[in-house]
There are 2 protein chains.
Amino acid sequence: MNGETTDTDWLDQNQQRSWRAYLVGTTLLMDRLDRELREQHNLAMPEYEILVRLSEAPDRRMRMALLADSVSHSRSRVTHTVARLEKAGLVRRAACESDGRGVEASITDKGMAALESAAPTHVAGVRQFLVDLAGDEDFAAVGRVFNAVTDKLIDTNPAADIR
Amino acid sequence: MNGETTDTDWLDQNQQRSWRAYLVGTTLLMDRLDRELREQHNLAMPEYEILVRLSEAPDRRMRMALLADSVSHSRSRVTHTVARLEKAGLVRRAACESDGRGVEASITDKGMAALESAAPTHVAGVRQFLVDLAGDEDFAAVGRVFNAVTDKLIDTNPAADIR
DNA sequence: ACCGCATGGTTGAACATTCAATGAAGGGCC
DNA sequence: GGCCCTTCATTGAATGTTCAACCATGCGGT
């Protein structure tokens, strides 16, 4: 018998500090990178990320679902983002031949141009405000940690069907 | 004389991987923690964070501007967030006595109760999906990195007045 | 062939965040 | 005291994201 319903395992002071640093650092960083992209290239970060995936895809085209998975955004969100990009002429959509349900998005020449123009400033920002501040060891640690986070969250699906 | 306008210093493959892991990991993590908080306690993460700061403040009250700085959200955003919390009865607002412009937000008893009920599950999530996956060394590295990011971004103000 | 169910994708409304404009009050300077 | 400039905070509109509902197609079983 136990008076409490399983006592909470709180974070210790260092963990607490690190967690909060991560929270506010991430807020500020995303904010800043997004702002730069927007002001200098008229692109939001989610849009930029979509363009990157498309540019790297074989034949520069990708199924919507795959695109969504690759950036870990909801399908709905990707639909909206791609719709904006399409309206701006940076992306095109076409029905998928092999699968009647499918849609393939592809990046246009104009999209490639926009991406190539935006990439250098974006990378410079990522360096200036993150990578170059970190030291290789620490940055590698960040990589390990968030790879683990990703793996864990991918299979611990909140829409758990079977248990 | 230089043919190009300063060639870009791209990320190497490891940096690239780490950067992307951080991006998608953060997306998934925030998504998940927010969802848990919402479904189980009817609170969004930004609301939860506000409650935390208020609960820790001397006399459980804080000026709006300070609150905004402490979570690194825009003042406008905090105004809206606090308005929601106030409507839910978790926070109260009162004019500041010493400064006619100021407003002090304070957490109500109901707010404290909501926070105390939400905190254990939230912390459990933070552990399960981040802290416990990381290893102390690596997680400390995350802390260092994002402290540096924060420091850098705080004084490299995008609204740079003087240079 | 048909049924039932899962998947791919879109839609529009609800909700949250950003942005620009606004008003009220403090502080320095003459 | 009056002026100018800054800071504090809010407002409402524009924009982006989430959420639930929806339709169409594919796939498996019978």
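Note that the structure is a prediction, hence the values are computed from the model and not measured. Residue numbering restarts at 1 for every chain, and letters A, B, ... go by the order of the sequence lines.
Taking atom CE of residue Met64(A) and atom P of nucleotide dA24(D), one finds them 19 Å apart after rounding to whole Å. Atom-to-atom, CD of Glu47(B) to C1' of dT17(C) comes out at 13 Å; the value is rounded to the nearest Å. Computed from coordinates, the Leu66(B) CG to dT7(D) C1' distance equals 14 Å when rounded to whole Å. In this structure, the OH atom of Tyr48(B) is 19 Å from the P atom of dA16(C), given to the nearest Å. The CZ atom of Arg63(A) sits 10 Å away from the P atom of dT10(C) (whole-angstrom rounding). One can place CD of Glu49(A) at 15 Å from P of dG16(D), the figure rounded to the nearest angstrom. In this structure, Arg77(B) atom CZ and dG12(D) atom C1' are separated by 18 Å, rounded to whole Å. Rounded to whole Å, the distance from CZ on Arg75(A) to C1' on dT11(C) is 16 Å.
At a cut-off of 3.5 angstrom, counting only N and O atoms as typed in the model, there is a donor on one side and an acceptor on the other between the side-chain of Ser76(B) and the base of dT11(D). With hydrogens and angles ignored, no donor-acceptor pair closer than 3.5 Å exists between the side chain of His73(A) and the base of dG16(D). Not a single donor-acceptor contact under 3.5 angstrom links the side-chain atoms of Thr79(A) to the base of dT11(C). Evaluation of atom-type donor-acceptor distances gives a pair under 3.5 Å for the side chain of His80(B) against the base of dG12(D).
If Asp31(A) and Asp99(A) are placed on DNA chain C by their nearest nucleotide, the residue sitting closer to the 5' end is Asp99(A). Checking Arg38(A) against Arg38(B), the closest nucleotide of DNA chain C that is more toward the 5' end is the one next to Arg38(B).
Here the side chain of Arg84(B) is nearest to one of dC8(D), dC19(C), dA16(C), namely dA16(C).
Side-chain nitrogen and oxygen atoms of Arg35(B) include at least one within less than 4.0 Å of the OP1 or OP2 phosphate oxygen of dC19(D).
Ser70(A) places a side-chain N or O within 3.5 Å of a backbone atom of Leu67(A) that can act as its donor or acceptor partner.
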Point to revise | Derivation and outcome, salt bridge (Lys or Arg N to Asp or Glu O under 4.0 Å), residues Glu86(A) and Arg92(A) | key: CA-CA 6 Å; Glu86(A) 190 172 35; Arg92(A) 217 183 349 256; over 6 Å; no
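Taking 4.0 Å as the cut-off between side-chain N and carboxylate O, Glu56(B) and Arg20(A) count as a salt-bridged pair. Electrostatic pairing of Glu104(B) and Arg63(B) does not count as a salt bridge here, judged by no charged N lying under 4.0 Å from a carboxylate O.
Between the side chains of His73(A) and Thr81(A), no donor-acceptor pair of N or O atoms lies under 3.5 Å.
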